[in-house]
Undergrad: 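The following block contains the structure, expressed as structure tokens.
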Amino acid sequence: MKPPDEPVGAVAGSRLARRRRWTVVVACSAAVLSGGGVYAAQWVQSPAEAAARTRAPEPSVIMAPVVRQVLRNTIVLRGSFSNGRTVSAAPTGVAVTQPAAQQPHALLVTGVFAREGQRVSAAKPLVEYDARPVFALPGTLPMYRDLTMGEEGKDVAQLQKALHSLGWATGSDPSGRFGVGTAAAVKRLYAAMGYAAPVTTSADTTSVTEQSGSAPQGTESAASRRSEPKATTMLPASEVVFVPSLPARVVSVPVHMGDAVKGPVVTLARGDMTLTGFLDPSERGLVSTGMKADIFSEATGVHTRGTVASVGALVTPGSKDEPGDGPAGPQTDSAYVPVRIEGSGNWDKRFAGQDVRVTITAAASSRAVTAVPEAAVVAGADARTTVTVVTTSGAQRVVPVTTGVSADGLVQVTAARGHTLRAGDRVVVGR
């Protein structure tokens, strides 16, 4: 049986829908193909494009400014502060203040009046042991013996000079002889410190008869036949320390109240602290006396200035020239040149024993000068030196110059007559 025919309108609608679907499919396909073509085109270059891409860039220059400033060439090295030569007091006995006085059973510290780093003057008790003072006097000769009545020598002359400097005259005693006048001055010295003067006893060979004048001539009493002890003022070696200059700096006080005396009770520096810098031998020619130095302790933060006082000879590890009483060399096996640096006055006591950084101004222009980086200066075949200035428009002009001092990578330049070179101009330092 034949199916009934579809309506004309339905057939037409079905055909229209199919056409629209095909149109959408074709459009999408075209879009995909177009995108793929664009993407693929990015990887396709013509020979001209390839050459353009691989061509070297336009040449450019590296520039730096012209400056006007004081030029300073500095050298940095390490240095050490030392106490220099020192002198210590190490009592081994106790002086008495009365004849036949009983000696103590032990030497004990009974007073400590000085502290490390302190500056002390003459005739001031520093430490006390068994109620006896230890003090300093000005002088270069060490106290190597007790000085008593009748002693003669350079050490006696030194004592007399020290007493005179403190205002105590030694009477008619000749220089270098410990007589009655010197003994009287020593007694006044101790009285000023608040202590009784130490004494020593000696046999008095003068008879009682002669002293009193009462015995008849030609007779001799029993008293005149015996010697009687006589106490005279003296200066014991255990109580005084001679120091070349005063006030002196206390290096150490290694004792406390009640300690037994078994060695030094106080140590004084024989002079002020000394600063020695350790210079690399390759820089020896850059440093000379009179140059300014900047000193800084990283440990304490203390900063000061000094002046190069001397530049020594080369010191190699283990050589006989290595310092003895001064500071040890740098903690390396390298050779060095010792540089002694002086301060404007006494060094700050906080520098004692410190390892410091020393910066020496090795060369400097006396005033502000026009300068450029060393790389900007070009020497031509004709021996002329020039710099190339780049203008604001990018143009370049060559300026003949003469050079002066150099420091810290800069060199002083002066433009030749008819040419200009000013601070702020930019010069070529590389390409």
Side-chain angles (χ1 to χ4, degrees), residues 85-101 111 113-114 119-206 210-211 227-250 265-266 268-271:
R85 295 181 180 273
T86 60
V87 58
S88 300
T92 57
V94 180
V96 298
T97 57
Q98 294 179 352
F113 313 120
R119 305 193 75 84
V120 295
S121 55
K124 301 293 183 183
L126 307 175
V127 176
E128 183 185 273
Y129 72 100
D130 288 344
R132 297 303 304 162
V134 175
F135 58 95
L137 289 177
T140 57
L141 192 67
M143 187 70 172
Y144 62 91
R145 61 172 177 167
D146 294 342
L147 297 181
T148 60
M149 187 69 69
E151 296 285 2
E152 296 182 352
K154 293 186 296 183
D155 51 349
V156 177
Q158 175 176 263
L159 169 62
Q160 292 169 328
K161 184 177 179 180
L163 292 169
H164 294 163
S165 70
L166 295 170
W168 293 303
T170 55
S172 60
D173 289 354
S175 176
R177 186 175 189 281
F178 197 113
V180 174
T182 303
V186 170
K187 191 171 184 178
R188 290 193 293 270
L189 165 68
Y190 274 92
M193 292 190 293
Y195 292 87
V199 297
T200 184
T201 56
S202 60
D204 188 353
T205 57
T206 304
E210 292 173 336
Q211 291 177 2
S227 297
E228 294 187 359
K230 182 178 181 180
T232 57
T233 300
M234 53 88 70
L235 183 67
S238 291
E239 294 185 7
V240 65
V241 176
F242 279 97
V243 185
S245 62
L246 290 165
R249 183 172 51 84
V250 179
V265 294
V266 64
L268 303 177
R270 289 172 57 90

Undergrad: For V134 versus P91, what's the shortest heavy-atom pair and its separation?
TA: CG2-CG, 4.3 Å

Undergrad: Between atom NZ of K161 and atom NZ of K154, what is the distance when rounded to the nearest 0.5 Å?
TA: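 So the NZ of K161 and the NZ of K154 are separated by 13.5 Å.
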
Undergrad: Measuring from atom OG of S175 to atom CD of Q158, what distance do you get when rounded to the nearest 0.5 angstrom?
TA: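 It is 11.0 Å, given to the nearest 0.5 Å.
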
Undergrad: Hey, are the side chains of Y129 and V265 touching, using non-hydrogen atoms and a 4.5 Å cut-off?
TA: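 Side chain of Y129 against side chain of V265, heavy atoms only: no contact under 4.5 Å found.
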
Undergrad: Walk me through it: do R145 and E151 pass the test salt bridge (Lys or Arg N to Asp or Glu O under 4.0 Å)?
TA: CA-CA 10 Å; R145 61 172 177 167; E151 296 285 2; 3.0 Å; yes

Undergrad: Should T148 and T232 count as side-chain neighbours, where that means a heavy-atom distance under 4.5 Å?
TA: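 No, every pair of side-chain atoms sits at 4.5 Å or beyond.
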
Undergrad: Of all the heavy-atom pairs spanning A122 and L166, show the shortest one and how long it is.
TA: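 Of all heavy-atom pairs spanning A122 and L166, the closest is CB-CD2, 4.0 Å.
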
Undergrad: Which distance, rounded to the nearest 0.5 Å, do you find between the CG of L268 and the CZ of R85?
TA: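 Separation between the atoms: 16.0 Å.
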
Undergrad: Give every donor-acceptor pair under 3.5 Å between a side-chain atom in residues 183-193 and any protein atom, sequence neighbours left out.
TA:
residue, atom, partner, partner atom, Å
R188, NH2, A169, O, 2.9
Y190, OH, E239, OE1, 2.6

Undergrad: Could you check if a side-chain atom of E128 sits within less than 4.5 angstrom of a side-chain atom of P133, using non-hydrogen atoms only?
TA: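 No. Closest side-chain heavy atoms not under 4.5 Å.
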
Undergrad: Run L159 and T182 through side-chain contact (heavy atoms from CB on, under 4.5 Å) and show every step you take.
TA: CA-CA 9 Å; L159 169 62; T182 303; 4.2 Å; yes

Undergrad: When the side chains of residues 135-144 are checked against the rest of the protein, which donor-acceptor pairs come out under 3.5 Å, sequence neighbours left out?
TA:
residue, atom, partner, partner atom, Å
Y144, OH, D155, OD2, 3.4

Undergrad: If you measure only the distance, is there a donor-acceptor pair under 3.5 Å linking the side chains of Q160 and T170?
TA: no

Undergrad: For S238 and T92: C-alpha separation, side-chain torsions, deciding distance, then whether side-chain contact (heavy atoms from CB on, under 4.5 Å) applies.
TA: CA-CA 7 Å; S238 291; T92 57; 4.0 Å; yes

Undergrad: For T97 and R132, what are the C-alpha separation, side-chain angles and deciding distance, and is it a side-chain contact (heavy atoms from CB on, under 4.5 Å)?
TA: CA-CA 10 Å; T97 57; R132 297 303 304 162; 3.6 Å; yes

Undergrad: Might you point out which heavy atoms bring D173 and G181 nearest each other, and give the distance in Å?
TA: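 For D173 versus G181, the nearest heavy atoms are OD2-N, 3.1 Å.
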
Undergrad: Which of these passes side chain to side chain contact (heavy atoms under 4.5 Å, CB included) with M234: V96, T200, T201?
TA: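 When side chain to side chain contact (heavy atoms under 4.5 Å, CB included) is applied between M234 and each of V96, T200, T201, only T200 qualifies.
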
Undergrad: If you take all heavy atoms of V240 and L235, which pair is closest and at what distance?
TA: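 Nearest pair, atom of V240 first, then L235: CG1-CD2, 4.2 Å.
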
Undergrad: Could you pull out the closest heavy-atom pair between A197 and T233, with the gap in Å?
TA: CB-CG2, 4.0 Å

Undergrad: Looking only at heavy atoms, which two atoms of A248 and A269 are closest? And how far apart?
TA: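 Distance-wise, the nearest heavy atoms are CB-O, 4.0 Å.
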
Undergrad: When you measure from the side chain of Y195 to the backbone of A131, do you find a donor-acceptor pair of N or O atoms at a distance under 3.5 Å?
TA: no

Undergrad: Pair F178, V156 - check side-chain contact (heavy atoms from CB on, under 4.5 Å), show working.
TA: CA-CA 6 Å; F178 197 113; V156 177; 4.1 Å; yes

